[in-house]
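Following: one structure in structure tokens, then a few remarks.
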Amino acid sequence: MTTVRTTTPATPPPRLPVRDKAAALGRGWGGVSPMLTRLAAERATGILVRERGTLHLADGKVVHAESPAAPGADVLLAAHGTLDPDVWRQALAESVASTGGAGTGARRLTGAEAVHRAGRRLVAGGLLTAGALEMCRLTALYDAAYFALAPSSSPGRFRYGSEDGPDEPAVEPPEPDDTPGGPRPVPVADLERETLRRRDLLHRIWPDALPDEVPLAREHRPAPPLLPARRQAVLARVDGIRTASEIARELGRPAFHTLVDVRRLVAAGVVAPRPPVSLTEPLPGPPGDGPAIEPVVPVESVDPHITLLKRLRDALEAL
């Protein structure tokens with residue numbers, strides 16, 4: 001008789017951790033900037049400096065954002081006659097001066113604080129409504145944050161506390177009246193979710209991001225399509241020199257909204273990124289004694305694979 005030897009089966013290995021996709025989808029954030037996500041969990045206060053902009057945080061929430069690519073709240077307010085630019089500059093100067101000068105023991109206001117107090121002065125003086133100020137402030141915040149959170153080639157830096165050192169309260173000047181208090185902070189989850197939504201919208205309109213960065217030129221077509229007035233205003237300023245951000249600042253519109261119009265114009269075939277001029281090929285035109293034309297440095301298109309690798313690098317550095 002044959003004997004069959006049986007062995008007790010070994011304990012199965014533990015299952016590998018699997019990300020809960022349903023929870024991640026419901027959360028909808030955390031993939032834009034790992035550092036910003038960590039700062040939100042810490043309820044940190046300070047300034048996050050990134051390659052294309054800065055984010056001001058208070059208790060882990062964003063209260064202000066700035067980017068060279070996006071016009072500020074003052075530009076948006078003054079664009080259509082809502083507020084005179086000189087009035088805004090005066091209110092901003094008075095807000096900074098009201099904290100005292102050197103030797104008074106008061107620290108200098110941060111950019112977010114100065115802008116907020118200038119807005120409160122305008123509301124108190126009857127030059128601006130509180131609703132218009134808050135709507136314009138949030139529009140400028142989301143607009144600048146979109147560019148500040150763009151994939152970058154260098155890691156971000158965070159400065160805890162104020163811009164000038166320890167997190168000491170600034171001397172609070174008496175308010176002119178009972179104007180509303182501090183600006184409404186924006187949760188990081190909402191900001192990142194909106195940033196991802198905007199990226200997806202631009203990608204669906206036109207997947208190439210090159211028109212967002214370089215000068216734009218017109219494409220002459222025998223039968224150009226009919227365009228709404230909003231896009232016609234953008235097209236009228238396309239001259240081969242201006243970029244989308246410069247057009248947005250000139251029109252007094254949010255930069256992201258202008259990117260949407262620009263990509264729609266590119267998709268319609270009436271606008272194209274200005275083609276780079278080769279440094280080795282001679283420039284067209286007959287030879288003469290006129291002034292030499294400086295060649296334009298070619299602009300390289302951003303490879304999406306490189307962008308993905310940069311995001312992975314930022315995530316690893318943030319661990």
Side-chain angles (χ1 to χ4, degrees), residues 28-79 88 92 95-96 108-120 132-152 154-164 167 182-199 201-202 212-213 244-246 248-249 252-260 314 318:
W29 67 290
V32 177
S33 172
M35 179 181 288
L36 181 59
T37 303
R38 188 178 72 246
L39 293 172
E42 294 177 5
R43 299 177 60 89
T45 296
I47 301 175
L48 176 60
V49 181
R50 290 176 58 88
E51 187 176 23
R52 300 193 61 188
T54 59
L55 299 175
H56 297 243
L57 277 71
D59 293 329
K61 296 183 179 181
V62 181
V63 296
H64 185 70
E66 298 171 349
S67 173
D74 56 330
V75 177
L76 301 180
L77 285 171
W88 173 266
L92 195 62
S95 299
V96 174
R108 179 168 58 89
L109 291 177
T110 64
E113 292 168 340
V115 169
H116 166 59
R117 293 189 183 179
R120 293 178 69 176
L133 174 64
E134 183 66 6
M135 182 177 66
C136 189
R137 186 191 71 85
L138 288 175
T139 299
L141 189 153
Y142 277 100
D143 196 38
Y146 171 80
F147 295 96
L149 293 175
S152 60
S154 59
R157 305 183 310 275
F158 187 72
R159 298 199 297 264
Y160 285 91
S162 67
E163 292 177 348
D164 303 306
D167 189 11
R184 175 181 298 179
V186 177
V188 169
D190 295 347
L191 193 65
E192 291 196 341
R193 188 180 297 110
E194 176 63 16
T195 299
L196 293 174
R197 186 195 69 83
R198 295 187 177 199
R199 288 182 187 176
L201 174 61
L202 289 179
D212 301 350
E213 307 291 339
S245 295
E246 293 169 341
R249 196 175 302 274
R253 297 177 181 176
F256 172 76
H257 296 177
T258 306
L259 291 185
V260 172
D314 292 344

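- Here the straight-line distance linking atom CG of Leu259 with atom CZ of Arg253 works out to 12.5 Å at 0.5 Å rounding.
- The shortest side-chain heavy-atom distance between Ser33 and Val188 does not fall under the 4.5 Å cut-off.
- Listed for the Thr258 side chain is a donor-acceptor partner under 3.5 Å among the backbone atoms of Pro254.
- Here Phe158 pairs with Tyr160 under the ring pair (Phe, Tyr, Trp, His ring centres under 6.0 Å) rule; sequence neighbours left out.
- Remark: Arg197 CZ is packed, more than 12 non-hydrogen atoms of other residues, nucleotides or ligands lying under 6.0 Å away.
- Looking only at side-chain heavy atoms (C-beta outward), Leu141 and His56 stay at 4.5 Å or farther from each other.
- Within the 4.5 Å cutoff, no side-chain heavy atoms of Arg52 are placed close to those of Ser152.
- Between Glu192 and Thr37, the closest side-chain pair of non-hydrogen atoms falls below 4.5 Å.
- The main-chain N or O of Ala148 is found under 3.5 Å from a side-chain atom of Arg50 such that the two form a donor-acceptor pair.
- Side-chain atoms of Ser245 come within 3.5 Å of backbone N or O of Ala69 as a donor-acceptor pair.
- Atom CG of residue Asp143 and atom CZ of residue Arg198 lie 6.0 Å apart, to the nearest 0.5 angstrom.
- Qualifying ring pair (Phe, Tyr, Trp, His ring centres under 6.0 Å) partners for Phe147, counting only residues two or more places apart in sequence or in other chains: none.
- Across every non-hydrogen atom of Cys136 and Leu76, the tightest pair is SG-CB, 3.5 Å.
- The shortest non-hydrogen separation linking Pro71 to Ala140 is O-CB, 4.4 Å.
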Margin query: Test side chain to side chain contact (heavy atoms under 4.5 Å, CB included) on Leu36 and Leu57; report intermediate values, then the result.
Written below: CA-CA 9 Å; Leu36 181 59; Leu57 277 71; 3.9 Å; yes
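- Contact record, Pro185 with Lys61: CB-CB, 3.7 Å, taken as the closest heavy-atom pair.
- Counting heavy atoms from C-beta on, the side chains of Asp190 and Val62 never come closer than 4.5 Å.
- Under the 4.5 Å side-chain criterion, counting only non-hydrogen atoms from C-beta, Arg199 is in contact with Tyr146.
- A salt bridge is defined here as a Lys NZ or Arg NE, NH1 or NH2 lying under 4.0 Å from an Asp or Glu carboxylate O, and Arg249 with Glu246 fails to meet this definition.
- Without hydrogens or angle criteria, Arg137 side chain to Val63 main chain gives a donor-acceptor distance under 3.5 Å.
- Summarising the geometry of Ala248 relative to Ala255, their closest heavy-atom pair is CB-CA, 3.7 Å, with the distance given to 0.1 Å.
- Side-chain contact check for Leu191 versus Val32: every heavy-atom pair is 4.5 Å or farther apart.
- With hydrogens and angles ignored, the 3.5 Å screen pairs no side-chain donor or acceptor of Thr54 with any backbone N or O of Val49.
- The side-chain heavy atoms of Leu149 and Leu55, taken from C-beta on, include a pair separated by under 4.5 Å.
- Going from atom CG of Asp59 over to atom CD of Glu42 covers 12.5 Å, rounded to the nearest 0.5 Å.
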